[in-house]
Number of protein chains: 2
Amino acid sequence: MQGTPTLEDVARVAGVSRATVSRVINGIRNVAPDIQETVQQAIATTGYVPNRAARSLVTRRTGSVALVVSGAGGDVGGEPFESQVFADPFFGRVAGGAVAFLRPRGIHPVLMFAETAHARDQVIGYLRQGSADGALLVSTHGEDPLPRLIVEAGLPAVLWARPARPTPISYVDLSHRAGAELAADRLVARGCRRVATISGPFDVRASQDRLSGFQDAMARYGHPYIPGVEGNFTHDSGEAGMHRLLAEHPDIDGVFAANDLMAQGALLALREHGRAVPDDVAVIGFDDSSAATACRPQLTTVRQPMEDMAGEMARLLLAHIEDPDFQVTSVIFPPALVVRQSA
Amino acid sequence: MQGTPTLEDVARVAGVSRATVSRVINGIRNVAPDIQETVQQAIATTGYVPNRAARSLVTRRTGSVALVVSGAGGDVGGEPFESQVFADPFFGRVAGGAVAFLRPRGIHPVLMFAETAHARDQVIGYLRQGSADGALLVSTHGEDPLPRLIVEAGLPAVLWARPARPTPISYVDLSHRAGAELAADRLVARGCRRVATISGPFDVRASQDRLSGFQDAMARYGHPYIPGVEGNFTHDSGEAGMHRLLAEHPDIDGVFAANDLMAQGALLALREHGRAVPDDVAVIGFDDSSAATACRPQLTTVRQPMEDMAGEMARLLLAHIEDPDFQVTSVIFPPALVVRQSA
DNA sequence: GCACGGGCGGAGAGCGCTCTCCACCTCGTG
DNA sequence: CACGAGGTGGAGAGCGCTCTCCGCCCGTGC
């Protein structure tokens, strides 16, 4: 009995068979209370910990899921992909929400990135070799081929956001259109009449929805044309976008940015142009991220309950893992407007 | 031959033994080229993927490491710990740096949090049951008991930052004192004469080192007394700290904050008091995080090569895993001053 | 021409666990 | 008092892989 103790060792100490120890550990079937006690004793004295690999081998479960951040197909210039991912606090909140749900269930997420074809293969391979029971997938770009690959491989997975092309896979999303409407309502209610928008990249579905939802809502208010520029969700693109917007439409009095980081950038540009926020120009962001309260004036923004959404993803994934016939499901969360000072 | 193909299946298709297929896959010993070819063929046609659990069972390696974020001993009020962790972009960069090193080696990090005694036990148990080969440990508080627990359990691990109490465990750290000196040099060179500091929490070693390093350097410049307030690395604490500092020492003309988030908060407070940065008051932050460029004026800050440091942690960890007798090592990185507009 | 060595494939023993039988024992019942 | 039902523990067969032996065969040297 050297090295790590095994079931065998515990069984010997307790004077029972391996099977009985296994039963006690897994709480399966009745085992007489006194024997249970003896076994617990033996486990304690030997310091036994079940070997995960051995257990996985027979149960076909690992007790871990992949948390995959997936990019487009192309290569990423400049900074490595991993660093980019974390630049936006977005991913951190999703990870946190997922962990909050998974951890009490003894499941741990394995961090993976899939920005290139090679990396995608690695992810699929990882899943197929049974290193994780399923995947939580966050795509940063619309045309991500990974969801399809996963479906083809028949692996359990849940997406963050509706896939660009219809794919039979469960997902959790926000009603982006409803969020954009909230922003439009607020801007109009404040009396803004010349409203513009800084959208996210067009190849991201959420960007499209936020943009069109905003445009439609404004159209209903009698503003059929809304000037807009395309950003890429970064601080800098928001700043640059706002400069462009001001150059072309100096009389703007309201801006809806597709995320807080860009709204924050817009604030900077506005200040540079001497516009007071919210008096001259009202600004609304999206996400209610930490950036929203880190700038002055603090941002009025559309709140996305990311942690809850991520938790729901985890819940759905476990359901899929548990029951392979679990119906493909989508859950859409409602947004909420958080009013602060910028609008 | 249904379900997932196994080694056996491949062997049958290729007309060789299991052992030979295993050799081809793992590249061990010479296998005649033509047989190698046949085996590769068979692997392709069967779509074989080695089962990780089975392999782990015999190799005693999992190909994954735990990435543990560890808190103090107490409970965490308000937001759940997971969310807090990601509020600061710090952790994201560390994770990114580690992944950049591990991924090419086919190793994936498992995300874990250890903020309570129960969670710590879970981490230790997870490691002991062989679910991960080792741990990369980032402590957010000084008196974290986890390093000691890990050492006692004889598990391979590498820390971010020197442990509060001497522990025989490898770690990677920054020369915080050198970084603080850089800040002092800059402030003095700009002509600041009434300098103050917003430090991090005193129970974090890095905070102490930055503070004492700064004080010592300023003392050498003939400023034996440096007013200071204690923050907790958040934006808000920086803002509040700056207000306090200005109330007590209205003539301050230079501030060294122990991280960028607090420096950013200080900027806000200074603006509110009508002080121009850097002309009235120069501000220097620490970390060179994304926050440094997201504010105006952009922050002059002490750069900590986090990604490289995290990569080094991963390198050391793999060395420890590879060779259990690998000597306990510490690697100290030098900081660099990044000059922007705030000082 | 024969012994010997080296290269190379196969057989088989586990790694530590779960889970399906199966056997036993104790009740309760006719 | 015999018998069946139901509850409990044990035996043993794998899960899919790696790795140590072993043995075969061919080439080389004396």
Side-chain angles (χ1 to χ4, degrees), chain A residues 1-43 46-63 106 125-131 133, chain B residues 1-43 46-63 106 125-131 133:
Chain A
M1 185 157 72
Q2 54 193 358
T4 345
T6 72
L7 252 200
E8 191 77 50
D9 298 322
V10 178
R12 198 175 321 122
V13 171
V16 297
S17 74
R18 252 188 1 263
T20 302
V21 179
S22 179
R23 282 187 200 112
V24 170
I25 288 172
N26 298 300
I28 304 282
R29 265 196 17 191
N30 279 344
V31 174
D34 55 329
I35 295 214
Q36 249 179 80
E37 179 57 26
T38 315
V39 170
Q40 292 291 7
Q41 206 69 250
I43 290 176
T46 52
Y48 171 74
V49 184
N51 179 302
R52 181 76 81 96
R55 179 177 284 179
S56 295
L57 186 55
V58 27
T59 59
R60 266 105 219 310
R61 286 291 167 71
T62 65
Y126 189 81
L127 256 19
R128 288 200 48 213
Q129 71 183 359
S131 302
D133 300 330
Chain B
M1 186 158 72
Q2 52 192 359
T4 344
T6 70
L7 251 200
E8 191 77 52
D9 298 321
V10 178
R12 199 176 320 124
V13 170
V16 297
S17 75
R18 250 184 8 258
T20 303
V21 179
S22 178
R23 282 189 199 106
V24 171
I25 289 172
N26 296 301
I28 304 283
R29 265 196 17 191
N30 279 346
V31 174
D34 54 331
I35 295 213
Q36 247 180 81
E37 179 59 26
T38 314
V39 170
Q40 293 289 6
Q41 208 69 248
I43 290 176
T46 51
Y48 171 76
V49 184
N51 178 301
R52 180 77 81 95
R55 179 177 283 180
S56 293
L57 187 55
V58 27
T59 59
R60 263 103 220 312
R61 286 289 168 74
T62 66
Y126 189 81
L127 255 20
R128 288 200 48 212
Q129 71 185 359
S131 300
D133 301 330

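Here is how names work: the chains are called A, B, and so on, in the same order as the sequence lines, proteins then strands, and each is numbered from 1.
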Base-contact (B) and sugar-phosphate-only (S) positions in nucleotides 6-14 of chain C, heavy-atom cut-off under 4.0 Å, - elsewhere: --BBBBBB-
Side chain proximity check, B:Thr4 to B:Val49, heavy atoms < 4.5 angstrom: no
Short side-chain N/O contact from B:Arg60 to OP1 or OP2 of D:dT18, under 4.0 Å: no
B:Thr46 and B:Asp9: side chain donor to acceptor below 3.5 Å: no
Test side chain to side chain contact (heavy atoms under 4.5 Å, CB included) applied to A:Gln41 - qualifying residues, sequence neighbours left out: A:Glu37
B:Tyr48: ring pair (Phe, Tyr, Trp, His ring centres under 6.0 Å) partners, not counting sequence neighbours: none
Phosphate-side-chain proximity, A:Asn26 and C:dT18, N/O vs OP1/OP2 below 4.0 Å: yes
Those residues that, when tested against A:Ser22, pass side chain to side chain contact (heavy atoms under 4.5 Å, CB included) (two or more places apart): A:Leu7, A:Asn26
Five-pair end axes of the helix from C:dG1-D:dC30 to C:dG30-D:dC1, angle between them (10°): 50°
Test side-chain contact (heavy atoms from CB on, under 4.5 Å) applied to A:Thr38 and A:Val16, step by step: CA-CA 9 Å; A:Thr38 315; A:Val16 297; 6.0 Å; no
Which residues share a side-chain hydrogen bond (donor to acceptor under 3.5 Å, both in side chains) with A:Arg128, sequence neighbours left out: none
Which nucleotide in D:dC17, C:dG16, C:dT18 has an atom nearest any side-chain atom of B:Leu7: D:dC17
